[in-house]
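Just follow the structure's listing: the first ligand is 1, and inside any ligand the first atom is 1.
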Amino acid sequence: MTARPIIIDTDPGQDDAIAILLALASPEFEVLGLTAVAGNVPLTLTEKNARKVCELAGRPEVKVFAGCARPLVRAQVTAEAVHGKTGLDGPDLPEPTMPLQAQHAVDWIVDSLRGAPAGSITLCTLGPLTNIAAAMIKAPDIVPRIAEIVLMGGGFFEGGNTTPAAEFNIYVDPHAAHVVFTSGAKLTMHPLDVTHKALMTPAWIDSLRALGNRTGAAAAAMLDFYERFDMEKYGAEGGPLHDPCVLAYLLKPGLFAGRDCSVEIETGSELTMGMTVVDWWNVTPAPANCRVINAIDSTGFYELIRSRLARLP
Ligand code: RIB
Ligand code: CA
């Protein structure tokens, strides 16, 4: 089996952390590096959290880069209310000792795509799309070299989680999302319409604790903290685990379903800023630019995560 080269662009975030652990536990991936972006918490914390998660996984050799510290146009919006002031509240993880790479994440993304065979690298984005858009703006030649971009973001029939119209990752940097969604790159989007169909349960979180490894204990502590916000907000028995959908989709696409649609990003109206306007019923002549995922096998999804985290220290 040839491992799929991936770059994970991320704003950890507890759900990002589970996604990164899933990737690092899966030999199907060659994780070329993590690129941190400002999102759930400021960049100084997202890059540190990315390194904490790599060390938790016993992978201090993974390259972690810091990217953009703010959106392309709008002021930074963060989500400490969801993720805590550190962005990774729950477990008490040690300060990272692995280095942060000196190169800017945007430059590294450009160099990586230029240096690899065209169509070989998949971009897995778990936060605002600022780094990806900045790379595309700086070096348009990289766009056809991207195998595909699989992203967590957006919402259509499910609405938004940050405003009634917009999901956090897209809301924070709608202009970056517009750049990516009009780039012509092959896109697969995991919106709230799929992530809200796979809610964690207390029993599943306990199954992570029962793994008996440090990864399971830390992941359970992260999710105990993280899910309280969504349970209070949605009144559900558990919260959605958004970002791991991106990696699970690449590992087991059969767990998911969707359709190719035209997707446009609202960047004009403040009322609907960051809305992903998905032409699900194909009522416009606009060509499809994105595969939109709206269905998931929740049982298979959570078992995949549990079984892979069992492989880590
Ligand atoms: O709306 C959910 C998304 O916003 C997830 O990626 C979460 O980590 C936050 O970044
Ligand atoms: Ca995220």
Side-chain angles (χ1 to χ4, degrees), residues 7-23 34-43 45-50 52-53 64 67-68 70-71 76-90 105 123-132 149-156 158-174 176-177 180 188-200 219 222-223 225-231 233-234 236 238-249 265 273-276 293 296 305:
I7 291 172
I8 300 174
D9 192 73
T10 181
D11 64 333
Q14 289 88 349
D15 61 323
D16 301 69
I18 303 302
I20 294 165
L21 291 170
L22 176 59
L34 306 185
T35 51
V37 66
N40 287 319
V41 287
L43 178 67
L45 289 173
T46 58
E47 64 86 355
K48 182 191 294 188
N49 291 340
K52 285 185 176 181
V53 175
V64 176
C68 296
R70 54 147 297 176
Q76 180 63 51
V77 172
T78 53
E80 287 85 353
V82 178
H83 299 272
K85 62 180 174 37
T86 71
L88 211 51
D89 282 25
L123 304 183
C124 302
T125 73
L126 313 180
L129 291 164
T130 316
N131 288 342
I132 309 306
I149 300 173
V150 184
L151 66 104
M152 191 279 141
F156 52 110
E158 191 70 5
N161 61 5
T162 303
T163 72
E167 176 277 330
F168 180 81
N169 287 341
I170 309 300
Y171 177 76
V172 166
D173 199 341
V180 172
T188 298
M189 164 177 143
H190 288 258
L192 300 179
D193 299 78
V194 63
T195 67
H196 282 186
K197 291 174 182 165
L199 301 183
M200 290 181 280
M222 285 180 205
L223 298 177
F225 178 88
Y226 167 74
E227 75 162 356
R228 89 222 174 282
F229 180 88
D230 282 295
M231 288 168 73
K233 181 172 184 175
Y234 297 105
L241 203 49
H242 306 284
D243 292 337
C245 288
V246 170
L247 284 303
Y249 170 79
I265 310 298
M273 182 62 69
M275 181 177 185
T276 48
I293 303 299
I296 183 172
I305 295 171

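Although no hydrogens or angles enter the test, the distance criterion places a donor-acceptor pair under 3.5 Å between the side chain of Thr162 and the main chain of Phe168. Asp11 contributes no side-chain N or O that, together with a main-chain N or O of Ala38, makes up a donor-acceptor pair within less than 3.5 Å. No donor-acceptor pair under 3.5 Å is formed between the side chain of Asp16 and the backbone N or O of Asp243. Although no hydrogens or angles enter the test, the distance criterion places a donor-acceptor pair under 3.5 Å between the side chain of Gln14 and the main chain of Asp89. The backbone N or O of Glu80 sits nowhere less than 3.5 Å from a side-chain atom of Asn40 that would complete a donor-acceptor pair. Between the side chain of Asn131 and the main chain of Cys68, a donor-acceptor pair closer than 3.5 Å is present. With Thr125 contributing its side chain and Gly127 its backbone, the two residues share no donor-acceptor pair below 3.5 Å.
Contact atoms of ligand 1 toward Asp16: 8 (O) (distance under 4.0 Å to a heavy atom of the residue). The Leu126 neighbourhood of ligand 1 comprises atoms 6 (O), 10 (O), with distances under 4.0 Å to a heavy atom of that residue. The atoms of ligand 1 that sit less than 4.0 Å from any heavy atom of His242 are 2 (C). For ligand 1, the atoms lying closer than 4.0 Å to a non-hydrogen atom of Asn169 are 3 (C), 4 (O), 5 (C), 6 (O), 9 (C), 10 (O).
Residue, atom and distance of the protein heavy atom nearest to atom 3 (C) of ligand 1 are Glu167 OE2, 3.3 Å. Scanning all protein heavy atoms for the shortest distance to atom 5 (C) of ligand 1 gives Asp15 OD2, 3.2 Å. Residue, atom and distance of the protein heavy atom nearest to atom 9 (C) of ligand 1 are Asn40 OD1, 3.1 Å. With hydrogens left out, the protein atom closest to atom 6 (O) of ligand 1 is Asp243 OD1, 2.6 Å, a heavy atom.
Contacts between Thr195 and ligand 1, counted as non-hydrogen atom pairs separated by less than 4.0 Å, are absent for every part of the residue. Of all the heavy atoms of Val82, none lies under 4.0 Å from any atom of ligand 1, so neither backbone nor side chain is involved. At a heavy-atom distance under 4.0 Å, no atom of Thr162 approaches ligand 1.
Atom CE of Met152 sits about 12.5 Å away from atom CD1 of Ile293, to the nearest 0.5 Å.
Inclusion of Met152 in the set of residues having an N or O under 3.5 Å from an N or O of ligand 1 is not warranted.
Both the sub-6.0 Å distance and the 45° axial angle are satisfied by Arg228 relative to the ring of Phe225.
By the criterion of a separation under 3.0 Å, the protein N/O/S atoms near the Ca ion (ligand 2) amount to Asp11 OD1, Asp16 OD1, Asp16 OD2, Leu126 O, Asp243 OD2.
The two residues Thr276 and Phe156 make their nearest non-hydrogen contact at O-CB, 4.4 Å.
Between Tyr249 and His190, the ring planes are perpendicular. Angles over 60° get that label, and only those under 30° would be called parallel.
With contacts defined as side-chain heavy-atom distances shorter than 4.5 Å, the pair Val150/Leu123 does not qualify.
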